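All heavy atoms count here, side chains included; hydrogens, waters and symmetry mates do not. What you see is a predicted model; the values in this text were computed from it and never measured. Letters A, B, ... are given to chains in the order of the sequence lines, protein chains preceding strands, and every chain is numbered from 1.
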2 protein chains.
Amino acid sequence: MTPARVYQHPETSEIAMPKVLFALSEPLRLTMVRMLVERGEVDSIDLGPDLPRSTLTHHTSLLRESGIVFVRAEGRKCMIRLREDDLEARFPGLIRTVLNGYPAGAGNEGDA
Amino acid sequence: MTPARVYQHPETSEIAMPKVLFALSEPLRLTMVRMLVERGEVDSIDLGPDLPRSTLTHHTSLLRESGIVFVRAEGRKCMIRLREDDLEARFPGLIRTVLNGYPAGAGNEGDA
DNA sequence: TTGACCGTCCAAGAATTTTCGAACTATCTT
DNA sequence: AAGATAGTTCGAAAATTCTTGGACGGTCAA
């Protein structure tokens, strides 16, 4: 039994505003974050069913490394959830304020 | 008497969250925005006295095109101020929330 | 165990952003 | 008018980021 996949996450205190804003500055990732807020923990593939897997990994890694999401391995899939409490502690109101200004559908995401 | 320099600004309704977040995702520009909040309208050169002028123009243009600042020519200088009301109307609380999470000095800016 | 799946890593190319010197225009001072 | 000053534009080079295919290793079902 191997330790499966392990993901590195920044400490709450290490979460940096510029990196977070950069991560959120992409419509695709912003839409992912909205889905996380609405659904709680999701299977990573739900965040971009039509994306090539390596592209999806790229974006989820960026969200993880910036401190926005927590990632854990679950069997062969990968479950992702927003670090709500950590983000709220570090940058109170940020996620809510940002999503408020980016209504659903604003980014022409996915399902036509 | 020539019309001097004219600057294009997006309408309030055209200000887009991803572009704004991208503009704010750079420590240098984030620091500029803080200075604008603290000082009101400033001479553009105050935003980066040590930067090459063309670099300064690049950053101020990006802030202007994203809808964050208003720029006007004043003689040979260029005065810049935050579009506080427009930003507050479009994305309530955003600037305050962001600057709150990016304390002064966080970006090692300028004066050593 | 075999085979299908899933996610990551690597590498390469495309696209974007950043930086800044040089040339140019406009403005102010004298 | 001449010289100094301010800002923009252009071009080029460096740095980042984005996208994707392909190889690889772990996981699940049969």
Side-chain angles (χ1 to χ4, degrees), chain A residues 1-9 16 18-33 41-66 68-81 107-110, chain B residues 1-9 16 18-33 41-66 68-81 107-110:
Chain A
M1 174 113 195
T2 10
R5 282 160 287 160
V6 175
Y7 297 93
Q8 297 294 328
H9 297 83
K19 282 178 190 263
V20 168
L21 295 182
F22 181 78
L24 296 176
S25 72
E26 179 102 359
L28 180 58
R29 292 190 293 257
L30 206 38
T31 299
M32 289 177 173
V33 169
E41 193 175 51
V42 307
D43 184 338
S44 74
I45 208 172
D46 291 339
L47 293 177
D50 300 334
L51 293 177
R53 296 298 151 75
S54 50
T55 302
L56 188 52
T57 296
H58 168 72
H59 289 292
T60 56
S61 295
L62 203 151
L63 286 171
R64 173 176 52 80
E65 287 160 13
S66 69
I68 294 177
V69 304
F70 181 83
V71 183
R72 69 186 175 87
E74 167 88 31
R76 44 186 169 180
K77 351 187 187 165
C78 149
M79 303 299 291
I80 304 188
R81 67 172 191 273
N108 287 40
E109 67 280 357
Chain B
M1 174 111 190
T2 9
R5 282 160 288 159
V6 175
Y7 296 93
Q8 297 294 327
H9 297 83
K19 282 179 190 260
V20 168
L21 295 182
F22 180 78
L24 296 176
S25 73
E26 178 102 359
L28 180 57
R29 292 190 293 257
L30 207 37
T31 299
M32 289 177 173
V33 169
E41 193 174 50
V42 306
D43 183 338
S44 74
I45 208 171
D46 290 339
L47 294 176
D50 300 333
L51 294 177
R53 296 298 152 78
S54 50
T55 301
L56 187 54
T57 296
H58 168 72
H59 288 293
T60 57
S61 295
L62 204 153
L63 287 171
R64 172 176 53 78
E65 287 160 14
S66 69
I68 295 177
V69 304
F70 180 82
V71 183
R72 69 184 176 88
E74 167 90 29
R76 47 187 166 177
K77 336 188 194 168
C78 146
M79 303 301 289
I80 304 187
R81 64 184 154 79
N108 287 40
E109 67 279 354

Subject >> Closest to side chain of B:F22, choosing from C:dT8, C:dT17, D:dT17 >> reply: C:dT17
**OP:** May I ask you to decide if B:R76's main-chain N or O and B:R5's side chain share a donor-acceptor pair within less than 3.5 Å?
**Re:** yes
**OP:** Could you check which of D:dC18, C:dG7, C:dG21 has an atom nearest any side-chain atom of A:D43?
**Re:** C:dG7
**OP:** Calculate the interatomic distance between A:L62 atom CG and D:dT17 atom P; express it in whole Å.
**Re:** 8 Å
Original post:
In whole Å, what is the span from the CD atom of B:Q8 to the P atom of D:dT9?
Top reply: 11 Å
Original post:
What nucleotide, of D:dC18, D:dG21, D:dG7, holds the atom closest to the side chain of A:E26?
Top reply: D:dC18
Original post:
Counting only side-chain N and O atoms of A:Y7, is one of them less than 4.0 Å from OP1 or OP2 of C:dG7?
Top reply: no
**OP:** Between B:C78 and A:R53, name the one whose nearest nucleotide on DNA chain D is closer to the 5' end.
**Re:** B:C78
Original post:
Counting side-chain heavy atoms from CB outward, which of D:dC10, C:dG7, D:dT20 is closest to A:S54?
Top reply: D:dT20
Subject >> Flag side-chain contact, heavy atom, 4.5 Å: A:L56 against A:M32 >> reply: yes
Original post:
Rounded to the Å, how far apart are A:L28 CG and D:dT20 P?
Top reply: 10 Å
Subject >> Side chains of B:L63 and B:I80 in contact at under 4.5 Å (non-hydrogen atoms) >> reply: no
Original post:
When the distance from CD1 of A:I45 to C1' of C:dC5 is rounded to whole Å, what number comes out?
Top reply: 9 Å
Subject >> Among D:dG7, D:dT5, D:dT17, the one nearest B:R76 by side-chain distance >> reply: D:dT5
Subject >> Contact under 4.0 Å: A:T57 side-chain N or O vs C:dG7 OP1/OP2 >> reply: no
Original post:
Going by the angle between their ring planes, with limits at 30° and 60°, are B:F22 and A:F22 parallel, tilted or perpendicular?
Top reply: tilted
Original post:
Given atom CD1 of B:I80 and atom P of D:dA6, what is their separation to the nearest angstrom?
Top reply: 15 Å
Subject >> Distance in angstrom units between A:R72 CZ and D:dG26 C1', rounded >> reply: 17 Å
Original post:
Would you say B:V71 and B:H9 make side-chain contact, with heavy atoms under 4.5 Å?
Top reply: yes
**OP:** Grab the CG-P distance between A:L51 and D:dG21 for me, whole Å please.
**Re:** 11 Å
**OP:** Quick one: label A:S44 by what it contacts on the DNA or RNA (base, sugar-phosphate, nothing), any heavy atom closer than 4.0 Å.
**Re:** sugar-phosphate
**OP:** Kindly say if A:T55 contacts the phosphate of D:dT20, meaning a side-chain N or O under 4.0 Å from OP1 or OP2.
**Re:** yes
Original post:
Between A:K77 and A:S61, who's closer to the 5' end of DNA chain C by nearest nucleotide?
Top reply: A:K77
**OP:** Report the distance from atom NE2 of B:H58 to atom P of C:dG21, rounded to the nearest whole Å.
**Re:** 15 Å
